[in-house]
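Read the structure below first, then the notes.
Numbered from 1 within each chain, the chains take letters A, B, ... in sequence-line order.
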Protein chains: 2
Amino acid sequence: MTTAQRPTLEAVARRAGVSRATVSRVVNGSTTVAGPIQEAVRRAVAELGYVPNLAARSLVTQRTDSVALVMPEEATRVFSDDQVFPGIIRGAAQELEAADKQLVLMLAGSPAGHARVERYTTGRHVDGVLFASLHGADPLPGKLAQLGIPVVCSGRPLGGADVPYVDVDHVGGVSRAVRHLITNGRRRIATIAGPQDMVAGIERLAGYRNTIAEAGLTERVAYGDFTRESGARAMHQLLDEHPDLDAVFAASDLMAHAALRTLREAGRRVPQDVAVIGFDDIETAAYTDPPLTTVRQPIVELGRALTRQLLRITAGEEIDEALILPTELVLRESA
Amino acid sequence: MTTAQRPTLEAVARRAGVSRATVSRVVNGSTTVAGPIQEAVRRAVAELGYVPNLAARSLVTQRTDSVALVMPEEATRVFSDDQVFPGIIRGAAQELEAADKQLVLMLAGSPAGHARVERYTTGRHVDGVLFASLHGADPLPGKLAQLGIPVVCSGRPLGGADVPYVDVDHVGGVSRAVRHLITNGRRRIATIAGPQDMVAGIERLAGYRNTIAEAGLTERVAYGDFTRESGARAMHQLLDEHPDLDAVFAASDLMAHAALRTLREAGRRVPQDVAVIGFDDIETAAYTDPPLTTVRQPIVELGRALTRQLLRITAGEEIDEALILPTELVLRESA
DNA sequence: TTGTAGGCGTTATCAT
DNA sequence: ATGATAACGCCTACAA
């Protein structure tokens with residue numbers, strides 16, 4: 001365990017026979033340094049294996065070159081099968097890597113976790129904060145924005161906070177899905193809605209309701225929380241309350257997957273007796289039986305867009321408060 | 001955009017009418033401060049909304065209170081459907097939260113990414129480094145260990161580096177799976193192996209080979225890379241080369257899932273004609289048709305164990321070089 | 001128990 | 001073009 005003293009600017013300077021300032025200039029790519037000296041400094045850096053101390057640097061620059069990605073979710077839900085959070089992480093990681101910034105991941109399911117996130121982010125230990133999904137009307141994004149800390153949310157923040165956000169076109173996607181069902185002759189179309197304390201749940205239900213109402217049909221609603229278990233429960237409930245249904249739009253692929261199975265167990269054929277459409281287009285959707293027709297949302301792209309917006313803010317640019325990414329109906333065999 | 005100057009120790013000290021040192025003591029929970037003074041300091045902290053500047057703190061303490069979780073994978077693979085990486089992230093996040101440390105996530109799929117990770121971690125910008133899966137004989141873990149930087153790997157590092165690691169009992173799990181097949185009368189047992197530049201792929205194949213050899217049977221091997229697509233390809237190949245096979249062990253659930261589908265398309269019934277067992281026990285495994293018998297690995301627990309070991313090292317404790325977590329055969333209907 | 005003062009490794013502002 | 005030198009905000013002997 002040779003805790004080799006890591007070399008400092010000072011050490012490099014001595015070795016190269018110059019001052020610390022000059023080394024700093026070379027390290028930071030200033031052009032105002034003579035060729036031969038640059039050369040010598042670079043050699044010394046290489047020989048000593050010098051790496052700048054970020055703490056010292058950010059102490060003076062007031063930047064940390066890292067951004068936080070906050071997931072205000074219970075840990076169990078963050079990494080469920082739906083790939084939403086992983087997709088956002090991946091998109092954010094890609095963009096951040098390109099910008100040479102570090103991704104600091106913060107789960108904040110518990111109240112204690114939420115407090116930690118608040119302390120950390122308001123303490124300006126990151127250059128900006130990304131929120132991946134919000135529950136209810138979380139005041140934190142607004143508070144950060146007010147402190148002048150760059151923030152971007154995934155999904156319109158509930159509670160009317162004036163914070164920039166990126167989202168996918170939930171309503172448009174759902175609307176296309178429901179119209180597809182109608183076009184194919186379905187008239188008794190039910191929905192398994194998502195949780196109503198999350199924008200995604202709210203908007204997808206709104207999309208269903210609008211379209212059903214426009215077509216003069218009757219709504220049939222059961223609620224889930226995006227998970228398979230809740231989807232199975234909701235499907236049973238719908239079957240009980242509306243045994244005549246001929247189509248189901250589920251607000252997530254996981255719930256749709258469970259619905260598929262529940263319908264089969266109940267002796268209904270998909271799509272002959274009941275058509276099913278999901279939302280997300282997770283990888284599994286292509287492998288269900290029958291393969292699932294679903295609304296695709298560009299989730300990795302969402303993560304990237306989120307990050308690009310944040311980087312724009314930190315660069316002092318003005319950005320639109322809302323950025324909506326398109327969704328797309330993917331036709332397979334379930335509807 | 002009121003970039004309110006954030007208060008410093010100095011400001012709090014003035015407000016509370018004490019010295020910086022005293023404030024520091026209170027903030028860091030020293031007991032050697034008189035009650036009333038503590039009280040006053042706390043009030044000043046609250047009123048000013050003081051939050052310590054971590055950069056300044058770590059500059060002097062030489063600690064960063066953050067640990068890196070490195071995923072040396074192409075981004076597309078890190079967040080595939082198998083939930084392995086998300087599970088590790090989740091486990092690590094849980095333990096780190098308990099220890100009040102920050103999780104810095106680093107994807108390092110590209111050579112450039114790998115270089116970035118190397119710079120960042122060797123530069124001691126984190127208190128320790130966790131590796132989630134390694135490809136081939138990556139020299140980085142060994143290098144970090146030699147620099148005295150705490151490291152723990154998920155999976156035995158290839159290339160004989162002397163680095164502590166945590167892994168699951170691949171061989172034991174596979175062995176149990178294959179013996180289960182044999183017990184049920186299967187004799188022409190094939191395997192879809194994982195990539196042979198990853199320990200998980202290597203060990204699962206070894207488990208298969210050992211058990212097949214012990215039973216005096218003949219091996220039938222095709223290779224995949226843990227993904228569904230590769231699983232489908234491998235299954236086709238096995239069907240071509242060994243049309244008589246009566247069982248398949250796939251080294252991942254995703255490959256098993258694809259095998260299930262490929263077998264059905266080929267007119268084989270599962271499990272009557274061909275029994276199938278997977279590895280992982282992803283959520284989808286319970287929803288395949290038929291539900292998948294598989295070897296469960298405690299993936300979140302792996303992430304937690306990984307992190308606990310690292311925290312022990314940073315605390316100066318001695319730890320065993322290897323920690324192996326048990327796997328378990330989950331019987332469903334495919335075998 | 002409390003305060004003083006030095007230093008952690010950089011960057012940035014001046015001179016030179 | 002290069003070099004002193006003063007911050008940056010905090011912790012921690014050491015002194016009182």
Side-chain angles (χ1 to χ4, degrees), chain A residues 3-42 44-45 48-66 100 119-120 122-127, chain B residues 3-42 44-45 48-66 100 119-120 122-127:
Chain A
T3 309
Q5 265 316 334
R6 60 185 287 201
T8 71
L9 216 48
E10 177 68 41
V12 177
R14 261 201 310 272
R15 176 138 192 157
V18 297
S19 74
R20 283 187 331 235
T22 299
V23 177
S24 177
R25 289 188 187 103
V26 173
V27 168
N28 291 292
S30 165
T31 49
T32 69
V33 177
I37 293 196
Q38 271 195 42
E39 182 73 8
V41 171
R42 274 188 221 297
V45 166
L48 265 39
Y50 168 77
V51 188
N53 181 324
L54 294 189
R57 172 180 287 170
S58 77
L59 184 56
V60 39
T61 60
Q62 306 278 34
R63 290 175 311 122
T64 62
D65 288 322
S66 64
D100 205 36
R119 242 189 310 125
Y120 195 78
T122 58
R124 304 189 183 248
H125 303 318
V126 288
D127 294 343
Chain B
T3 306
Q5 266 316 336
R6 57 185 289 201
T8 71
L9 216 48
E10 177 69 41
V12 177
R14 262 201 309 272
R15 176 141 194 152
V18 297
S19 73
R20 284 188 330 231
T22 299
V23 177
S24 175
R25 290 188 186 103
V26 173
V27 169
N28 292 292
S30 166
T31 49
T32 68
V33 177
I37 292 198
Q38 272 195 42
E39 182 74 8
V41 170
R42 274 187 221 298
V45 165
L48 265 38
Y50 169 77
V51 188
N53 180 322
L54 294 190
R57 173 181 286 170
S58 77
L59 185 57
V60 38
T61 60
Q62 306 277 33
R63 290 173 312 120
T64 62
D65 288 321
S66 65
D100 204 37
R119 243 190 310 126
Y120 195 79
T122 59
R124 302 187 186 251
H125 304 316
V126 288
D127 294 345

How close or far is atom C1' of dG9(C) from atom CZ of R57(B), stated in whole angstroms?
18 Å
Let me spell it out: for each of A34(A) and A55(B), pick the nucleotide of DNA chain D with the closest heavy atom. Which residue's pick is nearer the 5' end?
A34(A)
Could you check if a side-chain atom of R57(A) sits within less than 4.5 angstrom of a side-chain atom of V27(A), using non-hydrogen atoms only?
yes
Taking CD1 from I37(A) and C1' from dT2(D), how many angstroms apart are they, rounded to a whole number?
7 Å
Below 4.5 Å, heavy atoms only, C-beta onward: do V51(A) and H125(B) meet side chain to side chain?
yes
Determine whether D65(B) and D100(B) make a side-chain contact, defined as any pair of heavy atoms from C-beta on separated by less than 4.5 Å.
no
From CZ of R14(A) across to C1' of dG9(C) the rounded distance in Å is 13 Å
Round to a whole Å and report the spacing from CD of E39(B) to P of dT2(C).
13 Å
Tell me: CZ of R20(B) to P of dG7(C), nearest whole Å?
14 Å
Under 4.5 Å between any side-chain heavy atoms of V33(B) and T22(B), yes or no?
yes
Would one find a side-chain N or O of S24(A) under 4.0 angstrom from OP1 or OP2 of dT11(C)?
yes
What nucleic acid atoms does L54(A) come within less than 4.0 Å of, heavy atoms only: base, sugar-phosphate, or nothing?
nothing
Specify the residue among A56(B) and T22(B) whose closest nucleotide of DNA chain C lies further upstream toward the 5′ end.
T22(B)
Presence of T32(A) side-chain N/O under 4.0 Å of dA1(D) phosphate oxygens OP1/OP2
no
Below the 4.0 Å mark, does dT2(C) have OP1 or OP2 next to a side-chain nitrogen or oxygen of S19(B)?
no
Which comes earlier along DNA chain C counting from the 5' end, the contact point of A21(B) or that of L59(B), where each point is its nearest nucleotide?
A21(B)
Less than 4.5 Å apart, any side-chain heavy atom of V12(B) and any of R15(B)?
no
Quickly work out the E10(A) CD to dT5(D) C1' distance and round it to whole Å.
13 Å
To the nearest Å, how far apart are R25(A) CZ and dG3(D) C1'?
7 Å
Can you identify which nucleotide, out of dG9(C), dT2(C), dC10(D), has its nearest atom closest to the V33(B) side chain?
dT2(C)
Could you tell me whether the phosphate oxygens of dC8(C), OP1 or OP2, come under 4.0 Å of any side-chain nitrogen or oxygen in N53(A)?
no
Taking atom P of dA1(D) as reference, at what distance in whole Å does atom CG of N28(A) sit?
17 Å
